[in-house]
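Written below as structure tokens is the structure these notes are about.
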2 protein chains.
Amino acid sequence: MKSTFEELSNELKKKKIRLSHQRLKVLEYLTLHLCHPTVEQIYVDLQKEVPTLSKTTIYNTLSSLIESGLVRVITIEDHETRYDIRTENHGHFKCESCGEIYDFNVDIDSLQSVDLNNFKINDKNVYFKGICPRCLLSINKIK
Amino acid sequence: MKSTFEELSNELKKKKIRLSHQRLKVLEYLTLHLCHPTVEQIYVDLQKEVPTLSKTTIYNTLSSLIESGLVRVITIEDHETRYDIRTENHGHFKCESCGEIYDFNVDIDSLQSVDLNNFKINDKNVYFKGICPRCLLSINKIK
DNA sequence: TTTTTACTTTGTAATCGTTACAGATTAATT
DNA sequence: AATTAATCTGTAACGATTACAAAGTAAAAA
């Protein structure tokens, strides 16, 4: 995982994305917050450091980062698009009680289907829903 | 797959969902159109048969059907929620060229992760993205 | 069958996330 | 330092979904 400003800059240069303060800040934010933030969360937090930052810029930035493959979209619920800088294959678990999204390791590459023999597969996604251990505990306490 | 009006009625009764003309029509539509329609598609098509049908009703109906487990939500892209009456486990493939969504058989149940040992899993989803055979063909013809 | 009751439907208005757009700004090049 | 082309900003527009209240209807009770 790249984390210093300089390393992030190099990542962008490699992908031929023009460097800008805002882009670097968004990228940095994503490396520091692996909790799959929404645009709203990124916006609220980054505004403290970059008061002039606009939401449109975050959308634009995320678009280029996604297009270049540096960032990944997580769509589990409609109207709650989330972003993840961890592009290696892993699954996502969304707790239906607290809403938190957990990463988990799972062998996605081994998922195959004869039905897709003639398809070109670019992207594989796996997500589960249920209740996380913390919420299970508090539910049991109430009972 | 249930398909006659009577069978669909029984499904609803079993789930203690009150029967209404609109609900049966939406249910019937879903059994006849396994192409993962959006609310918009359901609305436009069903209005031909039920001119007074309102979009809000479709949203309401789908909510109860989902809650009762008769219908499943497919969220692959944000702002494009789709619905599927096939609730048995299967994967979805979305073609990034034509937008079509294909079903495929895949052993979702075997997907396991030690990271989720203490989690209660209610729902497992798998979706791939890429290019479907038809689009691959036409792309090659152009080249 | 009629009456009652609670649920459902409808249409409009409100909401919220996202995108479009145009003028101001800025990174990179000359 | 000047130029150029891409980026940023703020506002307005858009589209999907939800909220709400009045009208209508299915099912249960009389």
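Side chains are part of it too, since the values below use all heavy atoms of this structure and drop only hydrogens, waters and symmetry mates. Reminder, nothing fancy here: chain letters follow the sequence lines and each chain counts from 1.
The aromatic rings of F128(A) and F104(A) are tilted relative to each other, their planes meeting at an angle between 30° and 60°. The aromatic rings of Y29(B) and H33(B) lie parallel to each other, with less than 30° between the two planes, well short of the 60° mark.
Distance alone, capped at 3.5 Å, is enough to place a donor-acceptor pair between the T61(B) side chain and the T57(B) backbone.
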Between the protein and nucleotides 20-22 of chain D, list the N/O to N/O atom pairs that are separated by less than 3.5 angstrom.
none

Show the distances under 3.5 angstrom between N or O atoms of the protein and N or O atoms of nucleotides 2-7 of chain D.
residue: dA6(D); atom: O4'; partner: R18(A); partner atom: NH1; Å: 2.9
residue: dT7(D); atom: OP1; partner: R23(A); partner atom: NH1; Å: 2.9
residue: dT7(D); atom: OP1; partner: R23(A); partner atom: NH2; Å: 3.0

Take K129(A) and E77(A) through the salt bridge (charged side-chain N to carboxylate O under 4.0 Å, His left out) test and state the conclusion after the steps.
-> CA-CA 10 Å; K129(A) 288 189 195 178; E77(A) 312 282 359; 3.4 Å; yes
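Between H21(B) atom NE2 and dG24(D) atom C1' there is a gap of 14 Å when expressed in whole angstrom units. The nearest whole Å value for the distance from the NZ atom in K55(B) to the C1' atom in dA16(D) is 8 Å. Look at CD on E80(A): it is 16 Å from C1' on dT18(D), rounded to the nearest Å. With rounding to whole Å, D78(A) atom CG is found 11 Å from dG15(D) atom C1'. Atoms OH (Y43(B)) and P (dG15(D)) sit 15 Å apart, rounded to a whole Å.
Within 6.0 Å of CD on E96(B) lie more than 12 heavy atoms contributed by other residues, nucleotides or ligands. Within a 6.0 Å radius of CD in Q47(B), more than 12 heavy atoms belonging to other residues, nucleotides or ligands are found.
Contacts of D107(B) classified as salt bridge (charged side-chain N to carboxylate O under 4.0 Å, His left out), with partners at least two apart in sequence or in another chain: none. Partners of E40(B) under the salt bridge (charged side-chain N to carboxylate O under 4.0 Å, His left out) rule, at least two apart in sequence or in another chain, are K55(B).
When each of V39(A) and L19(A) is assigned the nucleotide of DNA chain C with its nearest heavy atom, V39(A) is the one assigned upstream, toward the 5' end.
Proximity of N105(B) to V114(A): side-chain heavy atoms (C-beta onward) are nowhere separated by under 4.5 Å.
When DNA chain C is scanned in the 5' to 3' direction for atoms under 4.0 Å from non-hydrogen atoms of chain A, the outermost contacting nucleotides are dG17(C) to dA28(C).
For the salt bridge (Lys or Arg N to Asp or Glu O under 4.0 Å) condition, the pairs that include at least one residue of residues 116-128 of chain A, sequence neighbours left out, are R72(A)-D123(A).
Between F119(A) and Y102(B), the distance from one ring center to the other falls under 6.0 angstrom.
Within the 4.0 angstrom heavy-atom criterion, no nucleotide atom of any strand lies near T38(B).
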